[in-house]
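If you're wondering where the values come from, they're calculated on a predicted model, not measured in any experiment. Reckoned from all heavy atoms, side chains included, excluding hydrogens, waters and symmetry mates.
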Amino acid sequence: MIRQAQDAARRLLPRGMGGAGLGLLALLLVGGWLASGIYRVQADEQGIVLRFGAYTETTQPGLNYHLPWPIETVTTPRVTRINRVDVGFRAAADSGQAVRPIPARDVLEESLMLTGDENIIDIDFAVFWRIRDAGEFLFNTRTPEATVKSAAESVMREVIGRTPIQPALTEARAQIEQAVRTGTQAIMDQYRAGVEITQVQLQNAQPPARVVDAFIDVQRAGADRERARNEAESYRNGIIPAARGESQRLVQEAEGFRESQISRARGESQRFLSVLSAYQQAQDVTVRRMYLETMEEVLRRNPTILIDNNLQGMVPFLNLDSARPNPLQQPQPQRPGGQTLPQPMAQPAAPRPAGAIR
């Protein structure tokens, strides 16, 4: 076989070229084979060198060299490209038809999740990732994209399971995205998948379509409850200061009355002491003065009738009926200033016959 190959090579070579020509040719072939190991790695790539199919090393961008085929081969995956995985829906770009656009399709088995307050939420999100280590990416996971998708969905279900539905729909979206990104990255690092999660983006979060009307009614009821609570708080904030002011006013009035009573009692005591001192100095004059003052006070409060001693034939009369209360007696009319109007004078009673007993 070797001789046949040599004969074939001689027939291909020009006449007159002997063993030196064959050696030169062999040297050129070997040089070309060795030169085939030179390769370039672009700025957005990493070079993965395989020796007989097994991973050997990772090379950085620039000119590099590996042993020629079939000893070593090189794979240069792009590590700066941002990849996207959709969870809960399929975007139009994933349909594979570029001529006629297809709207996004919701995948309920991925999007329906249970919240922390035992409600169901329909949530769609996208995970953006890139290759961080090409060697781990190619040889530690069989389907890196499916692994990223499964890990992100699992972490999202865990986070939503700890979050009530109302914050998940409104103000907690940023916290949910950050928690899912951190949790998914932790799983990828545990798998040594060579993947970096750059962003998690919530696309849609709402109640399921079958219960959205009931959920809106619940939201309205919650808004009415908050409004009633705010009105009650406003009423309380208005009535409590008024009640406190009224209580302070009553306390101040009571303190003023107490001070006036104390001052009055002190004045009475001082007056009594002064009268006692005057009585001790002149008893007769003081007693007479006190008698006159007392009588003046008594006579001022009671009606007084003066009778001349020279009047003869007057019979004293005691009207006992006036001492008993009369239920039919009407209250006396008063002027606007509080004074009693004069009553018409009663007619004198007719004389009784002699011998009549009253």
Side-chain angles (χ1 to χ4, degrees), residues 81-98 100-132 137 141-227 229:
R81 184 180 62 183
I82 301 299
N83 303 279
R84 170 173 172 166
V85 174
D86 296 328
V87 181
F89 71 105
R90 297 295 179 268
D94 295 338
S95 61
Q97 299 180 5
R100 186 176 182 180
I102 299 178
R105 177 174 57 89
D106 195 9
V107 183
L108 296 180
E109 57 269 18
E110 297 178 0
S111 61
L112 294 181
M113 301 182 185
L114 190 65
T115 62
D117 51 358
E118 298 182 356
N119 287 303
I120 299 177
I121 187 173
D122 188 354
I123 187 167
D124 302 333
F125 64 99
V127 181
F128 298 89
W129 58 278
R130 69 177 185 87
I131 301 173
R132 181 173 60 186
F137 176 79
T141 55
R142 178 173 298 177
T143 54
E145 184 174 353
T147 303
V148 171
K149 179 179 179 181
S150 300
E153 181 181 354
S154 176
V155 175
M156 178 63 76
R157 292 186 182 276
E158 179 184 357
V159 174
I160 293 298
R162 298 194 305 262
T163 307
I165 187 171
Q166 188 60 35
L169 295 176
T170 54
E171 70 272 7
R173 296 171 64 95
Q175 292 83 347
I176 292 174
E177 292 175 350
Q178 180 63 26
V180 173
R181 192 192 71 81
T182 303
T184 307
Q185 185 64 61
I187 294 177
M188 293 294 101
D189 294 342
Q190 184 179 0
Y191 291 166
R192 299 181 62 186
V195 171
E196 179 183 356
I197 307 298
T198 60
Q199 185 183 5
V200 174
Q201 189 178 62
L202 291 179
Q203 302 293 328
N204 184 26
Q206 62 181 3
R210 296 181 180 180
V211 298
V212 65
D213 295 335
F215 182 81
I216 293 175
D217 293 338
V218 172
Q219 294 298 105
R220 291 175 179 173
D224 294 340
R225 180 189 62 183
E226 291 296 328
R227 179 179 56 80
R229 181 181 299 174

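Judged purely by atom type and a 3.5 angstrom limit, S154 has no side-chain atom pairing as donor or acceptor with the backbone of S150. Side-chain atoms of Q201 never come within 3.5 Å of backbone atoms of E177 as a donor-acceptor pair (strictly under, hydrogens ignored). Using a distance-only test at 3.5 Å, with no hydrogens or angles considered, no donor-acceptor pair links the side chain of R192 to the main chain of T141. Using modelled atom types, no side-chain atom of Q203 and backbone atom of D124 make a donor-acceptor pair closer than 3.5 Å.
Annotation: side chain of R142 is not in contact with side chain of T147 (no heavy-atom distance under 4.5 Å). Counting heavy atoms from C-beta outward, R132 and D189 have side chains that approach closer than 4.5 Å. Residues R173 and I176 form no side-chain contact, since every pair of their non-hydrogen atoms from C-beta on lies 4.5 Å or further apart.
Taking both residues in full, the closest heavy atoms of V148 and M188 are given as CG2-SD, 3.8 Å, listed atom of the first, atom of the second, then distance. Residues P207 and L169 share a closest heavy-atom pair of CD-CD1, 4.3 Å. Here the closest non-hydrogen pair linking I165 and I120 is CD1-O, 4.0 Å. Between E110 and F89, the closest heavy-atom pair is OE1-N, 4.5 Å. A168 and A172 make their closest contact through N-CB, 4.3 Å (heavy atoms, listed as atom of the first residue, atom of the second, distance). Taking both residues in full, the closest heavy atoms of D86 and R84 are given as OD1-NE, 2.7 Å, listed atom of the first, atom of the second, then distance.
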Stepwise, does the side-chain contact (heavy atoms from CB on, under 4.5 Å) test hold for N204 with D122? CA-CA 8 Å; N204 184 26; D122 188 354; 5.6 Å; no
Please lay out, stage by stage, how M113 and T115 fare under the test side-chain contact (heavy atoms from CB on, under 4.5 Å). CA-CA 7 Å; M113 301 182 185; T115 62; over 6 Å; no
Would you sort out whether I123 and M156 count as a side-chain contact (heavy atoms from CB on, under 4.5 Å), showing the intermediate values? CA-CA 9 Å; I123 187 167; M156 178 63 76; 4.1 Å; yes
Please evaluate residues R81 and R130 with respect to the criterion side-chain contact (heavy atoms from CB on, under 4.5 Å), reporting the C-alpha separation (whole Å), side-chain torsions for both, the decisive distance (0.1 Å), and the verdict. CA-CA 6 Å; R81 184 180 62 183; R130 69 177 185 87; over 6 Å; no
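By the side chain to side chain donor-acceptor pair (under 3.5 Å) test, Q199 is found to be paired with no residue, residues two or more places apart in sequence or in another chain being considered.
Residue E171 qualifies as enclosed at atom CD: its count of foreign heavy atoms under 6.0 Å is above 12. Heavy-atom contacts from other residues, nucleotides or ligands closer than 6.0 Å to CZ of F128 number more than 12. Annotation for E226: atom CD counts as buried by contact number, over 12 foreign heavy atoms lying within 6.0 Å. For L108, the CG atom counts as densely surrounded, since its 6.0 Å shell holds more than 12 non-hydrogen atoms of other residues, nucleotides or ligands.
Note: L112 CG to I160 CD1 = 12.0 Å, rounded to the nearest 0.5 Å. With values rounded to the nearest 0.5 angstrom, I121 atom CD1 is found 9.5 Å from Q166 atom CD. Taken from CZ in R227 to CG in D224, the straight-line distance is 5.0 Å, to the nearest 0.5 Å. Atoms CZ and CD, from F137 and E196 in turn, are 13.5 Å apart once rounded to the nearest 0.5 Å.
Ion pairing between a basic and an acidic side chain is recognised when a charged N comes within 4.0 Å of a carboxylate O; K149 and E145 show no such pairing.
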